[in-house]
**Student:** 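Questions regarding the structure given below will be posed in turn.
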Amino acid sequence: KFNLQYTQARRDESVKDVYYGVEIVDPYRWLEDPDFPETKEFVERQVELANNVLLKCSNREKLKEKVTSMYNYPRYGCPYKRGNKFFHTHNSGLQAQSVLYIQGSLEADADVLLDPNALSNDGTVALSMKEFSENAEFMAYGLSSSGSDWVTIKVMCVEDRFVQPDTISWVKFSSISWTHDHQGFFYNRYPQPKNVECSDAGTETDINLFHELYYHFLGTDQSDDILCWKDLEHSAWLSSTRITDDGKYLLLLIGEGCDPVNRLYYCDLTEISGGLKILKDTNSILPFTKLVDNFEAQHLYVANDGPIFTFFTNKNAPKYKVTRVSINDPEVWWNVIPESETDVLSSVRCVNEKNLLACYIHDVKHVLQVHDLRTGEFQWRLPLDIGSVTEISGNRKDSEIFINVTSFLTPGTIYRSDLSAPKPELKVLREIGSEIFVRSRFETKQVFVTSKDGAKVPMFIVSEKDLVQDGNHPALLYGYGGFNISLTPSFSVSRLVLVQHYGAVVAVANVRGGGEYGEEWHKAGCLLKKQNCFDDFISCGEYLVKEGYTQSNRLCIEGGSNGGLLVAACINQRPDLFGCALAHVGVMDMLRFHKFTIGHAWTSEYGCSDNEEDFHNLIKFSPIHNVCRPWEQMKGLQYPSTMLLTADHDDRVVPLHSLKLLAALQYTLCTSLADSPQTNPIIARIDRKAGHGAGRPTQKIIDEVIDAYSFVVEMTSATWMD
Ligand SMILES: O=C(NCC(=O)N1CCC[C@H]1C(=O)O)OCc1ccccc1
């Protein structure tokens, strides 16, 4: 049906590296240069091939109509209070980007404060961050284009919406911290990459080194900003800042990668006589005191009362806890909320002057609790349905908090609670999108799958109620498995279309490497134990087949980024177990990932091929190095129908990963042997003016869902049900 015309991408077998005596050939090294004409030609051919296959997928029109209509529901973010104003984001349904609104009170009319849709004609300029000055007089906001991580900061006067001339470029992985005198803010940036202009920023693969901290004085040119931190000895380190609620201290948090660990320095801004301007004239940098000067644990600011600081930490607490120290006696730390035996403390914030709002994960569901700030004493638990708290808004000086709760079958419910009430309760402020989906026909359950080494892996299963487990349902198994990220329940329009209109079973596997059970669960899927993630995911796939939810040739696995690695490693290791695979923006070259943009920050999770032990571990599962011919093991066996997805402005996981894997798969499975039994398509969807995922306009989200899921539906022989 799909007359697949694979291009014979040039293999340059002369490119090879020797890792500790082992010679590794890298025949598609030339694909690492996005500007190389042959690379552009390769991409063009692959786009054609993918379009040929996709246009033959029968369900496109139905999916397009259904997905578009199901996306078309009003979406709201939590309101949050700054100064005496309320702000929230809202999307009427199909707007490219959500709009930022301002209100004098929650009951007042909402006025547009900033509409990112006005900043480009195709919706590819996104509002990636925003911070208000202390009394909400100014808003500093970051704009990113085409999905790149690069940000340009602008400043708006909130009162008259006037956008100031200030323009801060080459910002990346930055916080924005206003000094309480409204004079300006701290932000982070990298040096401008050589021969890259603002217009195509994000298509380069240059490594990001020497992260810098600057202070910008409102009303001045970026060239007048003062350098406040730069570490020449540790070019890979990154920093972020926080100004304490009382405006007195600047906190500097330093990280060397993605592990939840940081150094913590502070500077008493009130001790800088003459203010920050003096630093410019004396060309000195800020005087920091080192409170924590190692990477043994994470310490995140919660509150301070003068010199007494409260931190959220995992120090000697892999399930996290709240601790306290006086900076006048920095050796003496004591617990405020001790580590829980069973639950992971996932976030803490100080609200209502004297409360701590603690969010726990209990068997992959969120629980919200209120504690006393001074004593840490538990006060009461907010009664939540099974689901995830996706947003919390509230500050120390506000008694009112807002939370957004979502789950597999509910798009979102925004609650408000006034903690100053004698018996605080949760009141519904807004139900989001409840009308788009008939929940009563579907159900969610949680099972625990025994993995290869006996570990119990949680998995959510969403399906129609009273599902007949006859093995005939198409199934989509989604996973991530890394970077301490927990896949708690989430609402996905696209997956629910599969459940509602194809009788699909959707499963989400909480494999090791995530944060579901704290740092131990995370570490159990890292470095030399990374194979546990793949074993867990494979066990979950086998469970779905064994229990009759589906059968292998109707089972599709999907994952993004680190989850793309998960998918690619699993089809290499068990091509027999899956009928289809979607790998979004995956990390596919485990020997070279650290050489591009921010990849070096992931060595905390994967290790690095510069290290001998890590090399011998990475080479075993690195996707581009482990493509095999399954029919050599079992006659007629082939790889699942596979779609890799990437985009030209993905500067988080650069497209070369997917391009090199695509070339290796097509060569090994399709073009190198005349009598290959590989008939399942191996294609790539390569988008333009798009990136890793953040900030993608609604139409691009929908277009990708239609391509990806019409492919899945076609390849799992799923049939439409009205
Ligand atoms: O690299 C990441 N995050 C990890 C990330 O995006 N990863 C990790 C692997 C591939 C990809 C993903 O899974 O989305 O964010 C940039 C950053 C900011 C601050 C400090 C360190 C790093």
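Atoms within each ligand, like the ligands themselves, are counted from 1 in listed order. These figures come from a predicted structure and were not determined experimentally. Count residues from 1 along the sequence.
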**Student:** Does a side-chain N-to-carboxylate-O contact under 4.0 Å join Glu520 and Lys319?
**Tutor:**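 A salt bridge is present here (some side-chain N lies under 4.0 Å from a carboxylate O).
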**Student:** Inspect the contact between Lys530 and Glu605 and indicate whether a charged nitrogen and a carboxylate oxygen are less than 4.0 angstrom apart.
**Tutor:**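 Salt bridge between Glu605 and Lys530, a charged N being under 4.0 Å from a carboxylate O: no.
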**Student:** Before accepting this row, confirm whether a basic side-chain N of the pair Lys172/Asp149 lies closer than 4.0 Å to the acidic partner's carboxylate O.
**Tutor:**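 Judged by the 4.0 Å cut-off on N to carboxylate O distance, Lys172 and Asp149 do not form a salt bridge.
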**Student:** Would you mind checking if Arg688 and Asp648 are paired as a salt bridge, meaning a charged N to carboxylate O distance below 4.0 Å?
**Tutor:**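 Looking at Asp648 and Arg688, the cut-off is not met.
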**Student:** Using a strict 4.0 Å threshold on nitrogen-to-oxygen distance, state whether Arg574 and Asp535 make a salt bridge.
**Tutor:**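 Looking at Asp535 together with Arg574, the answer is no, because their closest N to O distance does not fall below 4.0 Å.
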**Student:** Does the distance from a Lys or Arg side-chain N to an Asp or Glu carboxylate O, for Glu32 and Arg29, drop under 4.0 Å?
**Tutor:**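 Yes.
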**Student:** Contacts table for ligand 1: protein N or O within a distance under 3.5 Å of ligand N or O, distances only.
**Tutor:**
residue, atom, partner, partner atom, Å
ligand 1, 1 (O), Trp602, NE1, 2.9
ligand 1, 6 (O), Arg652, NH1, 2.8
ligand 1, 13 (O), Tyr480, OH, 2.5
ligand 1, 13 (O), Ser561, OG, 2.8
ligand 1, 13 (O), Asn562, N, 3.0
ligand 1, 14 (O), Ser561, OG, 2.6
ligand 1, 14 (O), His692, NE2, 3.0
ligand 1, 15 (O), Arg652, NH1, 3.3

